[in-house]
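Working notes, structure below.
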Amino acid sequence: MWRGYLIIILGITLAGRALAAPEAAVVNLDYVAKLAFQRAQQPFHSPRANLPDVLKNLNYDQYREIRFPFDKALWTEDGLPFRIAFFHPGYIYQEPVHVNEFTPTYTQRIPFSQEFFDYGSLNIKNEIPRNTGYAGFKIFYPLNKTNLFDELGEFQGASYFRLLGAGQAYGQSARGVALDCGETDRSEEFPIFTDWWLGKPEKDAKELTLYAILDSVSCAGAYEFKIRPGETTMADVSAVLYFREPNRVLQADLSAPLIKTVGLAPITSMFWFGKNTERKPDDYRSEVHDSDGLMVEMGNGERLWEPLDNPASERHQIFSAPNIRGFGLMQRERSFEAYQDLFTPFQDEPSVWVEPHGTNWGDGDLHLVELNAPWEGFDNAVAFWSPKTVPAPLQPYYFSYTIYWTREITMNFSPANKVVATRIGLCSPDSDARQIFIDFAGPQLEALSPTNPPTAIASCSANADIVASQVVWNPDQKTWRVVLKMQPKPGNNPVDLRCTLQRGNQPISETWTYQWIRP
């Protein structure tokens, strides 16, 4: 099988250049971690410096002319269930990555080859060095039909990646790690995946294994991805990070901490406007978002739901979350009527849920960072978990989790009785009080008699008052609607709100949380 792969590569590499010799090795997380540790002991070198100007200067239209024909995808000749297509470097993708293939006993470099690509009308082949890397790769798999290869996911740009389950459309993305995301006294640092090892699957494989080196100014690390396609596509992620010593990092003030916030399992999404938006843009659609809320399962079992918003300026919320059980940015609105968009199927985009393994995450905080989005092409919401203490230099920091790309159809992490909509508006033209409408739905709630409503337990921070509360049955949608009247006090500080439904002394719904800011 290995020799056959060499023949395939030589057959498509017209220049006849020599390939790197196969290396006898067992590629696993320890193998990649040793390389990452060696990297961490040296100053960071950006691969951007190795990219020729002809690729750096490509504009959007020129870059789109470069195509990778699917019939040249890796493992096509072997008839394997997973196929890999490569992205060409250039335009905004200026950090080329190096790619290797591995089997249980060997690993070998997959060199960059112009013969993989169709350059259209671009006449730039002679200006591209042979040792140029790729900009990333795309994975194909018969996800929806057994005789048709669909896009399963892609890894491209910094440490970004995104996956798909059956019947889903691309929406939000995940990252390897986020450093100083949302901090106002320093710039965010964006680590990159610089090297990849792609595990050659068997003919009946249902799982694809990938390894990567992550590198950045402040740290280097090793990642393992075990991807299992399905109606919900799951990826088990295991990682180890090594933070560089201060003398290995170029920094003006070595007395300041190199990194303030380490964000594990960051998820990035877009929320332009939705049901809770008080001043909607001039747009024909009633909602535009890849996700409409943050869902959390705390260590004590409490489930929270925080609707996303598009604030006028950056908003950074931090929730104490020791031993967190899970979090995700979810797309709960699944009706086409809510979006009315024939070009972007927001209703088919996946929710993304992160489930830590065991208790290895310990004490830490959950962060939700929301930026102002002037339009729908701007990812403006990020959620991640951060340990209380930044790992010590050159000491291995291990963590692992499963990330789900799902429509919440088959998974048990979505609460049965949950918030399905939030709407906010003025009570009257001559008052700045707000009416807040929260719709709860679920089998336990639907079973309640309309004449015997549950109790809404609502509260807010000291800079506002809940002056009225009511719970009303909605027979059309089979939901319970909580109607709150909130009177903010003078000032522009955010108002924190909470509400849950109870029966007697027992909660029968997840907890709705919201940070309201004057529009």
Side-chain angles (χ1 to χ4, degrees), residues 138 143-144 150-154 156-157 160-175 229-233 266-296 305-311 327-354 368-383 403-411 413-415 418-424 437-439 441 477 479 512 514:
K138 184 177 295 186
L143 190 61
N144 297 293
D150 305 293
E151 289 191 30
L152 172 63
E154 60 184 31
Q156 183 185 28
Y160 284 86
F161 65 95
R162 53 184 184 171
L163 299 172
L164 292 172
Q168 297 174 10
Y170 280 130
Q172 58 182 301
S173 302
R175 284 191 266 169
E231 185 174 20
T232 288
T233 289
I267 312 167
T268 302
S269 192
M270 178 276 295
F271 183 92
W272 191 20
F273 60 94
K275 294 181 179 66
N276 56 303
T277 302
E278 294 188 63
R279 295 181 179 176
K280 291 182 171 60
D282 186 3
D283 193 274
Y284 75 94
R285 298 161 294 183
S286 57
E287 300 187 42
V288 176
H289 48 75
D290 295 331
S291 310
D292 50 12
L294 170 71
M295 188 171 78
V296 187
W305 174 258
E306 166 115 2
L308 295 180
D309 203 356
N310 185 2
F327 68 93
L329 295 177
M330 318 303 283
Q331 183 78 312
R332 284 190 173 173
E333 179 53 76
R334 293 295 177 186
S335 169
F336 169 79
E337 286 72 20
Y339 305 104
Q340 292 292 330
D341 195 319
L342 293 174
F343 303 101
T344 305
F346 294 107
Q347 68 278 3
D348 295 327
E349 294 181 357
S351 297
V352 179
W353 176 254
V354 172
L368 175 62
V369 180
E370 294 166 288
L371 308 176
N372 176 256
W375 68 298
E376 63 191 277
F378 186 76
D379 285 345
N380 63 321
V382 184
I403 185 167
Y404 300 83
W405 304 75
T406 179
R407 293 186 59 166
E408 305 175 67
I409 297 173
T410 59
M411 308 311 296
F413 51 70
S414 183
K418 59 189 180 183
V419 178
V420 294
T422 301
R423 296 175 175 86
I424 303 175
F437 303 88
I438 314 163
D439 292 342
Q477 297 184 327
T479 61
W512 172 89
Y514 198 77

Legend entry - Under 3.5 Å donor-acceptor, T233 side chain and L164 backbone: yes

Inset, instruction - Could you tell me which residues satisfy side-chain contact (heavy atoms from CB on, under 4.5 Å) with F437, sequence neighbours excluded, listed by chain and number? - result: R423, Q435, R481, V483

Inset, instruction - Mind checking ring pair (Phe, Tyr, Trp, His ring centres under 6.0 Å) for W305 and listing every partner two or more places apart, or none if nothing turns up? - result: none

Inset, instruction - Could you check if a side-chain atom of D439 sits within less than 4.5 angstrom of a side-chain atom of V420, using non-hydrogen atoms only? - result: yes

Legend entry - Donor-acceptor contact below 3.5 Å, side chain S351 vs main chain Q331: yes

Legend entry - By ring pair (Phe, Tyr, Trp, His ring centres under 6.0 Å) - contacts of F346 (at least two apart): Y339

Inset, instruction - List in chain and number order the residues that pass side chain to side chain donor-acceptor pair (under 3.5 Å) with D292, two or more places apart in sequence or in another chain; answer none if no residue qualifies. - result: none

Legend entry - Contacts of type side-chain contact (heavy atoms from CB on, under 4.5 Å), residue P415, not counting sequence neighbours: M295, R303, R332, K418, E510

Inset, instruction - Flag the pair R162 / E154 as yes when at least one side-chain heavy-atom distance between them is below 4.5 Å, and no otherwise. - result: yes

Legend entry - For W405, side chain to side chain donor-acceptor pair (under 3.5 Å) partners two or more places apart: none

Inset, instruction - Could you check if a side-chain atom of I424 sits within less than 4.5 angstrom of a side-chain atom of Y514, using non-hydrogen atoms only? - result: yes

Legend entry - Sidechain-backbone polar pair: E370 side chain, D309 backbone, donor-acceptor under 3.5 Å: yes

Legend entry - Results of salt bridge (charged side-chain N to carboxylate O under 4.0 Å, His left out) for R285 - residues two or more places apart only: D283, D341, E376

Legend entry - N/O donor-acceptor pair under 3.5 Å between E333 side chain and S335 backbone: yes

Inset, instruction - Mind checking side chain to side chain donor-acceptor pair (under 3.5 Å) for E278 and listing every partner two or more places apart, or none if nothing turns up? - result: R434, W516

Inset, instruction - Output all residues satisfying salt bridge (charged side-chain N to carboxylate O under 4.0 Å, His left out) with E287, sequence neighbours left out; order by chain, then residue number. - result: K275

Inset, instruction - Could you walk me through whether T406 and W353 pass the side-chain hydrogen bond (donor to acceptor under 3.5 Å, both in side chains) test, one step at a time? - result: CA-CA 8 Å; T406 179; W353 176 254; over 6 Å; no

Inset, instruction - Output yes when a side-chain donor or acceptor of N276 lies under 3.5 Å from a complementary backbone atom of L308, and no otherwise. - result: yes

Inset, instruction - Could you check if a side-chain atom of Y404 sits within less than 4.5 angstrom of a side-chain atom of P350, using non-hydrogen atoms only? - result: no

Legend entry - Main-chain N/O of P311 paired with N372 side-chain donor or acceptor, under 3.5 Å: yes

Legend entry - Donor-acceptor contact present, side-chain N144 to main-chain G167, <3.5 Å: yes

Inset, instruction - Name all residues meeting the salt bridge (charged side-chain N to carboxylate O under 4.0 Å, His left out) criterion together with D150; count only those two or more places apart in sequence or in a different chain, and write none if there are none. - result: none

Inset, instruction - Check whether more than 12 heavy atoms from other residues, nucleotides or ligands sit under 6.0 Å from atom OH of Y284, and answer yes or no. - result: yes

Legend entry - Those residues that, when tested against S269, pass side chain to side chain donor-acceptor pair (under 3.5 Å) (two or more places apart): S291

Inset, instruction - List in chain and number order the residues that pass side-chain contact (heavy atoms from CB on, under 4.5 Å) with T268, two or more places apart in sequence or in another chain; answer none if no residue qualifies. - result: Y160, R175, D379, V382

